[in-house]
Amino acid sequence: PPPEFLKDMPKVERIDGLNFMWMRLNTFRPPLDDIRVRQAIQYSIDREAIVSKVYEGLAKIAQGQLVTPLHVGFNPELKPWPYDPAKAKSLLSQYGKPVSVEMVIESSNYFPKGKDLAEAVASFMRDVGITTQIRYGEFGAWLQELMINPGDDISKRPYMMISRHN
């Protein structure tokens with residue numbers, strides 16, 4: 001359950017699970033086709049702040065992969081991206097052009113704190129100079145944008161998408 005409900009559930013025990021949040025970057029769309037911009041986005045995100053403020057300590061930082069330690073194939077050698085806004089700004093300076101992206105997030109509360117997460121990520125990106133807009137979509141429309149079918153022009157898909165995997 002979302003953190004705000006736990007106080008009303010004194011008998012609920014917290015255990016690690018298989019759910020995790022992910023962010024997909026469309027590398028077919030400029031400026032995300034440039035590795036410096038993608039890396040700047042990663043360095044701009046303060047994951048510890050998200051865990052403590054958005055999820056009230058009831059989450060763990062992903063270790064650089066789309067699986068948790070409970071999944072087959074988890075690699076303990078991979079580490080999360082460090083929070084380094086100075087490095088993010090340096091990479092953006094090397095890129096040399098203004099960066100603006102739209103983040104798409106499903107808005108029917110499919111996953112806990114989704115809007116709060118998107119706003120936090122966008123705020124961190126703005127702090128390093130990336131203009132960020134958030135677009136919320138209902139689940140059906142969001143799912144259509146997520147799925148890529150043969151013949152689709154991937155370069156017209158959203159810049160960034162945030163969701164949950166379980």
Side-chain angles (χ1 to χ4, degrees), residues 1-7 9-29 31-92 94-95 99 101 103-106 109-130 132 134 139 142-143 145-148 154 157-166:
E4 62 270 17
F5 295 134
L6 289 178
K7 67 182 179 311
M9 305 170 130
K11 294 183 181 182
V12 170
E13 184 176 334
R14 181 178 164 241
I15 60 170
D16 289 345
L18 298 175
N19 290 338
F20 56 89
M21 304 301 295
W22 57 260
M23 178 174 65
R24 180 171 80 177
L25 304 178
N26 184 345
T27 61
F28 291 92
R29 286 190 79 170
L32 298 179
D33 60 345
D34 190 295
I35 192 168
R36 295 169 295 188
V37 174
R38 296 191 306 270
Q39 289 176 341
I41 290 170
Q42 295 296 337
Y43 285 119
S44 76
I45 301 169
D46 187 344
R47 290 158 180 81
E48 289 181 13
I50 289 171
V51 167
S52 67
K53 294 182 177 129
V54 174
Y55 291 102
E56 300 176 35
L58 297 175
K60 291 186 177 180
I61 297 172
Q63 291 191 237
Q65 54 198 304
L66 289 175
V67 292
T68 71
L70 299 175
H71 285 92
V72 172
F74 176 79
N75 182 348
E77 301 295 315
L78 295 175
K79 302 298 176 209
W81 283 86
Y83 173 57
D84 190 340
K87 180 134 181 154
K89 288 177 184 179
S90 173
L91 287 163
L92 293 171
Q94 291 171 32
Y95 178 66
V99 175
V101 296
M103 183 185 318
V104 178
I105 186 164
E106 188 272 322
N109 294 322
Y110 171 68
F111 52 90
K113 304 281 191 170
K115 287 182 179 180
D116 296 335
L117 173 63
E119 289 166 9
V121 169
S123 176
F124 291 128
M125 290 169 59
R126 286 183 197 115
D127 288 346
V128 300
I130 300 172
T132 309
I134 303 172
F139 184 72
W142 175 87
L143 195 57
E145 289 189 292
L146 175 66
M147 298 299 148
I148 298 171
I154 297 170
R157 293 293 182 170
Y159 288 100
M160 299 174 62
M161 296 185 84
I162 292 181
S163 187
R164 176 185 81 166
H165 186 279
N166 54 7

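All values below come from the heavy atoms of this structure, side chains included, with hydrogens, waters and symmetry mates left out. Just so you know, these numbers come straight off a predicted model, no measurement behind them.
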I need the [X] [atom1] to [Y] [atom2] distance, nearest 0.5 Å.
X: Gln94; Y: Ile35; atom1: CD; atom2: CD1; result: 11.5 Å
X: Ile50; Y: Tyr83; atom1: CD1; atom2: OH; result: 10.0 Å
X: Leu66; Y: Gln63; atom1: CG; atom2: CD; result: 13.0 Å
X: Arg47; Y: Phe124; atom1: CZ; atom2: CZ; result: 10.0 Å
X: Trp81; Y: Asp46; atom1: CH2; atom2: CG; result: 15.5 Å
X: Ser123; Y: Ile45; atom1: OG; atom2: CD1; result: 11.0 Å

What is the minimum heavy-atom distance between [X] and [Y], and which atoms define it?
X: Ala88; Y: Ala40; value: CB-O, 3.3 Å
X: Ala59; Y: Val51; value: O-CG1, 3.3 Å
X: Ile61; Y: Pro80; value: CG2-CB, 3.6 Å
X: Val101; Y: Met160; value: CG2-SD, 3.7 Å

Do [X] side-chain atoms and [Y] backbone N/O form a donor-acceptor pair below 3.5 Å?
X: Ser90; Y: Ala86; result: no
X: Lys79; Y: Pro76; result: yes
X: Gln65; Y: Leu78; result: no

Checking side chain to side chain contact (heavy atoms under 4.5 Å, CB included) for the pair Ile41/Leu32: CA distance, chi angles, key distance, verdict?
CA-CA 9 Å; Ile41 290 170; Leu32 298 179; 3.5 Å; yes
Could you walk me through whether Gln42 and Met23 pass side chain to side chain contact (heavy atoms under 4.5 Å, CB included), step by step?
CA-CA 10 Å; Gln42 295 296 337; Met23 178 174 65; 3.8 Å; yes
With sequence neighbours left out, write down each residue that passes salt bridge (charged side-chain N to carboxylate O under 4.0 Å, His left out) with Asp34, or none if nothing qualifies.
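If we apply the salt bridge (charged side-chain N to carboxylate O under 4.0 Å, His left out) test to Asp34, skipping adjacent residues, the hits are Arg36.
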Looking at Phe74, I want to see if its CZ is surrounded by more than 12 non-hydrogen atoms of other residues, nucleotides or ligands under 6.0 Å.
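Enclosed.
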Considering the options Lys113, Lys115, Glu119, which one meets the side-chain contact (heavy atoms from CB on, under 4.5 Å) requirement together with Val54?
Lys113
Can you check side chain to side chain contact (heavy atoms under 4.5 Å, CB included) on Val121 and Met103, steps first, answer last?
CA-CA 9 Å; Val121 169; Met103 183 185 318; 3.7 Å; yes
Are [X] and [Y] close enough that some pair of their side-chain heavy atoms sits under 4.5 Å apart?
X: Leu92; Y: Ile130; result: yes
X: Tyr43; Y: Val128; result: no
X: Val37; Y: Leu25; result: no
X: Asp33; Y: Thr27; result: no

Any chance you could lay out the side chain to side chain contact (heavy atoms under 4.5 Å, CB included) test for Val99 and Tyr95, step after step, and finish with the verdict?
CA-CA 9 Å; Val99 175; Tyr95 178 66; 3.7 Å; yes
